[in-house]
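To keep things clear, I will list the structure first and then write my remarks on it.
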Amino acid sequence: MSDLFASPPTPPTPSDGEPDHQSIRAQLQKMRPVPYMDGLNPEQRDAVESIDGPLLVLAGAGTGKTRVLTTRIGHILATRSAMPWQILAVTFTNKAAREMKDRIGNLIGGNVEGMQWLGTFHSIGVKILRRHAELVDLKSNFTILDTDDQLRLMKQLIQAQGLDEKRWPARQLNTLIDGWKNRGLTPQQVPQDEGYYFAQGHGVKLYTEYQARLKVLNACDFGDLLLECLRLFRENPDILADYHKRFRYILVDEYQDTNIAQYLWLRLLAQGGNNICCVGDDDQSIYGWRGAEVDNILRFEEDFPGAKVIRLERNYRSTVHILAAASHLITYNEGRLGKTLHPQIEDDDAEKVTVTSAWDSEEEARTIGEQIEDLQRAKHDLNEIAILVRASFQMREFEDRFITMGLNYRVIGGPRFYERAEIRDALAYFRCVVQPADDLAFERIVNTPRRGLGDATLKQVHDHARSHGLPLTEAATDLVQTEELKPRPRNSLKGVLGQFTHWRTMLASMKHTELAEMILDESGYTEMWQKDKSADAPGRLDNLKELIRSMEEFDSLPSFLEHIALVMDRDSAQSNEAVSIMTLHSAKGLEFDTVFLPGWEEGLFPHQRALDESGTRGLEEERRLAYVGITRAKKRAKIYVASNRRIHGLWQSSVPSRFLDELPPAHVDVVESQSTYGGYGNSGVGGSIYGKSRFDSSDPFENNYDTPGWKRAQNNKAKKTGKPKQRYGGGPASSGKVIDGELIAKGTSDTPSLYSVGERVFHQKFGYGNVKSIEGNKLTVEFSTGTKRVIDSFVERH
DNA sequence: ACAGTGCAATTTTTT
DNA sequence: ATTGCACTGT
């Protein structure tokens with residue numbers, strides 16, 4: 001394929017405006033198909049070839065969206081319509097950008113380095129801002145603040161206003177300002193009434209102050225990376241015109257996830273050639289809560305007059321049943337552009353989507369564990385299995401279970417490397433060296449490790465800084481020359497400042513990795529963790545080593561810091577075979593043979609908070625989330641409902657999700673979990689309908705969701721809260737109920753414990769352990785993972 | 001300055 | 001239940 005590029009393409013000159021050339025080339029292209037077009041269906045091909053004018057590609061799940069995007073870029077390059085550096089291609093995540101780069105590389109045979117404008121919205125924003133920083137009151141070495149920095153800054157501002165931080169938490173202010181920034185609003189543009197929501201009208205004032213502080217700190221937050229670009233373009237038409245000339249083609253991935261600021265950003269840039277191609281799927285818009293505007297994609301044809309719209313509806317990923325389930329479910333949403341997925345995979349033996357009821361979340365985890373073992377025995381690849389949960393607290397149950405089972409798993413999207421305290425501390429040291437005005441970094445580490453610089457001293461530095469309008473570092477430098485500080489803190493502060501000055505002088509001459517190590521050693525930071533005898537200290541030291549190691553790939557400390565700020569993913573080694581556990585949100589864009597979807601209960605999924613806060617809009621977004629979940633599956637989608645779940649430490653009985661009603665019965669099998677007898681566990685509520693099909697085998701595929709029992713269950717929902725788990729500890733009250741025969745026999749609170757001190761027992765979650773003491777039916781057991789108090793019926797004698 | 005205690009909050013997440 | 005926080009007392 002690379003022979004297409006054998007002769008070096010000549011860059012089209014700006015005056016090369018004769019469209020005839022292009023269309024002739026395009027025609028030739030159509031007449032003689034080129035290899036990279038092989039295997040594209042007509043719609044995909046159309047999307048690849050329609051490179052002139054605005055184009056919206058509505059790409060349903062699994063319809064070859066990325067392929068179209070990358071082939072389109074390949075096509076632009078192959079037809080010499082633009083040079084690599086004249087293409088702007090934006091994605092949301094670094095992962096998507098990387099994948100796109102890789103695939104273009106494969107397509108055109110290698111070098112994609114020329115595509116310097118392929119990246120995330122934010123990384124491209126930074127790139128533009130650094131070039132023109134002075135025009136937006138920044139220096140080109142400005143710092144990018146993360147959420148943590150933002151919060152600390154806002155907290156300071158709230159305090160400075162004399163407001164009660166309890167009543168007006170920084171978090172809330174951050175969300176508010178973030179929301180404004182997502183909508184492209186500067187402090188002046190915030191609608192008046194909105195400003196009053198926060199702290200009796202202090203909202204806008206705080207926003208203004210926050211922005212002012214950022215300038216002083218020579219810093220940007222993520223929102224600014226776009227917002228300041230907007231300002232730059234608007235205030236400097238010549239610069240915008242420059243970019244118009246530069247970007248002959250614009251491509252946007254996941255357009256349904258763009259917020260207003262991003263939309264404005266794109267529109268300003270697209271005004272040049274109008275060759276903008278947006279790819280997205282309104283049915284997969286799941287980030288409304290962080291500012292994404294589905295409207296952007298719904299409005300595309302109005303925003304870009306003359307736009308062509310191409311629908312990709314041939315799904316190459318999933319079986320008929322999976323697609324039918326997802327499609328039927330999503331039709332319950334209003335306000336969509338409307339697409340139908342047509343299955344391209346023929347499989348007469350395809351499994352229907354299953355819905356399984358479990359007594360509680362523990363049984364749910366156990367059942368899924370067993371099913372995974374079955375799949376494993378049938379030689380299924382564990383990497384092709386995923387568990388997609390609504391909220392991350394659901395993950396723990398699976399982890400616990402898989403640990404005891406000895407099943408390999410990996411959690412995708414947990415706490416990130418860069419978020420760890422030790423990494424943030426180390427970075428703060430580096431930031432402070434590179435950018436002395438970075439007060440937030442300075443504050444973070446000035447007394448870490450302990451240097452005897454407490455609140456009192458810091459307050460003096462702060463006051464001096466404020467009254468003289470100086471960054472903290474400078475204020476501190478001033479102060480130590482005077483007699484204002486007490487001798488001890490004064491010397492201590494003088495010492496650190498001296499060190500920083502020293503490190504800064506080394507910045508140019510020393511290799512950055514060595515300097516970094518030197519900073520951590522000389523500051524006493526490494527030593528602090530070496531002396532720390534807590535269990536995680538060695539791990540933290542490892543992380544620091546890892547941090548230094550990862551700096552190797554960069555050529556300087558500043559470029560490394562930018563990478564950290566923007567590229568927040570850690571490349572985890574995923575060599576082993578393992579089941580993936582992740583949230584539905586982080587599953588977008590992925591696919592697996594088998595997908596387990598636990599926790600389909602009202603309140604959890606759809607999530608109560610989504611309903612409370614956003615009403616129908618929230619519900620529809622939850623439904624799209626369900627759609628995303630189901631369409632991740634290639635061969636098997638397995639849905640689970642638990643009748644009882646522990647939320648915030650309380651057992652709550654729950655009602656199956658309304659989404660289950662919205663699945664097409666013809667493509668769904670209702671089964672009960674392998675280890676449940678009956679499924680009528682929720683006594684008194686009429687029973688779960690999901691166990692019923694077992695006794696109702698005359699017509700197992702009828703729509704079970706409309707039966708009286710189901711209706712009753714819905715009416716009764718949320719009546720019982722905080723109820724103990726009847727099956728295990730209920731005593732006489734629970735007798736006569738349908739319960740798990742195996743476990744109920746093991747004693748209740750009324751009978752003396754069956755165990756004795758010193759006995760070896762087995763627990764489903766914690767594994768083997770020794771009984772330390774007994775109070776009634778509660779045992780204190782020492783497990784390998786620690787000592788826990790458990791109800792005796794949770795363990796087995798061994 | 002720091003350690004210990006009490007209290008509230010607790011969806012989803014990228015950049 | 002767990003965790004992170006702000007405040008209090010030494």
Side-chain angles (χ1 to χ4, degrees), chain A residues 90-97 119-126 144-152 155 159 164-167 169-172 175 178 181-182 220-227 253-254 257-259 261-262 285-292 388-397 412-416 418-419 421 447 450-458 486 488-489 492 562-569 582-589 599 603-614 618 621-622 624-626 628-629 646-651 722 788-789:
Chain A
V90 271
T91 63
F92 272 84
T93 63
N94 293 295
K95 198 177 148 208
T120 62
F121 275 101
H122 294 86
S123 65
I124 289 168
V126 180
I144 301 160
L145 300 187
D146 61 25
T147 319
D148 210 74
D149 295 319
Q150 291 178 52
L151 282 176
R152 274 186 303 141
K155 200 172 281 178
Q159 271 169 339
D164 181 5
E165 312 159 62
K166 277 259 166 80
R167 219 180 125 171
R171 243 204 119 76
Q172 202 181 314
T175 313
D178 229 45
K181 290 192 172 179
N182 285 337
C220 266
D221 64 18
F222 283 112
D224 287 339
L225 298 179
L226 293 162
L227 220 49
D253 191 15
E254 306 275 19
D257 286 338
T258 48
N259 60 34
Q262 286 157 338
S285 163
I286 54 174
Y287 286 110
W289 50 275
R290 67 178 198 214
L388 310 183
V389 298
R390 176 62 183 82
S392 38
F393 75 84
Q394 292 172 263
M395 293 179 178
R396 233 196 57 183
E397 203 116 30
I412 313 267
R416 272 167 222 93
Y418 71 94
E419 274 173 0
N447 199 32
R450 299 258 128 88
R451 297 189 174 95
L453 299 169
D455 293 345
T457 317
L458 285 186
K486 295 208 177 79
R488 204 196 292 242
S492 178
E562 175 149 322
H563 169 85
I564 291 293
L566 288 175
V567 183
M568 295 173 158
D569 51 9
M582 68 187 96
T583 62
L584 286 159
H585 283 91
S586 38
K588 198 173 76 167
L604 177 58
F605 192 36
H607 200 282
Q608 193 57 49
R609 218 158 138 175
L611 301 179
D612 291 347
E613 284 171 14
S614 316
E621 183 154 313
E622 295 286 302
R624 290 193 290 267
L625 208 43
V628 167
R646 199 161 58 168
I647 294 170
H648 310 323
L650 291 172
W651 282 100
K788 315 261 183 203
R789 265 164 66 89

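Letters A, B, ... are given to chains in the order of the sequence lines, protein chains preceding strands, and every chain is numbered from 1.
The separation of C:dG4 from B:dT11, taken at their P atoms, amounts to 15 Å, rounded to a whole angstrom. The P atoms of B:dT12 and C:dT3 are separated by 15 Å, rounded to the nearest whole Å.
At a threshold of 4.0 angstrom between heavy atoms, the contacts of A:Gly223 with the nucleic acid are absent. Within the nucleic acid shown, A:Ser392 comes within 4.0 Å of sugar-phosphate atoms alone, with no base atom in reach, counting heavy atoms only. Using a 4.0 Å heavy-atom distance criterion, A:Arg450 is classed as a sugar-phosphate-only contact. Within the 4.0 angstrom heavy-atom criterion, only backbone atoms of the sugar-phosphate kind lie near A:Leu453; the bases stay farther away.
Whole-Å rounding puts the A:Gln150 CD to B:dT13 P distance at 18 Å. For the pair A:Leu604 CG and B:dT11 C1', the interatomic distance rounds to 9 Å; values are reported in whole Å. Across the protein-nucleic acid pair, A:Glu613 atom CD and B:dT12 atom P stand 13 Å apart, rounded to whole Å. Rounding to whole angstrom units, CD of residue A:Glu562 and P of B:dT15 are separated by 14 Å. Atom NE2 in A:His648 sits roughly 6 Å away from atom P in B:dT11 (whole-Å rounding). Between the CD atom of A:Gln608 and the P atom of B:dT12 there is a distance of 15 Å, given to the nearest Å. In this structure, the CZ atom of A:Arg396 is 8 Å from the P atom of C:dT3, given to the nearest Å. Distance CZ (A:Phe393) to C1' (C:dT3): 16 Å, rounded to an integer number of Å.
Distance from the side chain of A:Asn447 is smallest to B:dC2 among B:dT13, B:dC2, B:dT15. The side chain of A:Thr457 lies closest to B:dA1 when the candidates are B:dT15, B:dA1, B:dT11.
Taking CD1 of A:Ile144 as the reference point, atom CG of A:Asp149 lies at 11.0 Å (rounded to 0.5 Å).
Put simply, A:Arg609 has no side-chain N or O that comes within less than 4.0 Å of OP1 or OP2 on B:dT12. The side chain of A:Thr583 places an N or O atom within less than 4.0 Å of a non-bridging phosphate oxygen (OP1 or OP2) of B:dT13.
Taking the six-membered ring where the residue is Trp, A:His122 and A:Phe222 present perpendicular rings, their angle passing 60° and hence far from 30°.
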Problem set entry | A:Trp289 vs A:His607, ring-ring contact (aromatic ring centres under 6.0 Å, His included): CA-CA, chis, key distance, verdict | CA-CA 13 Å; A:Trp289 50 275; A:His607 200 282; over 10 Å; no

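The shortest non-hydrogen separation linking A:Asn259 to A:Gly291 is CB-O, 3.0 Å.
We find that the ring of A:His122 and the base of B:dT15 do not stack by the test of centres under 5.5 angstrom and planes tilted less than 30°.
Taking the side chain as every heavy atom from C-beta outward, A:Glu622 and A:Arg390 approach each other to under 4.5 Å.
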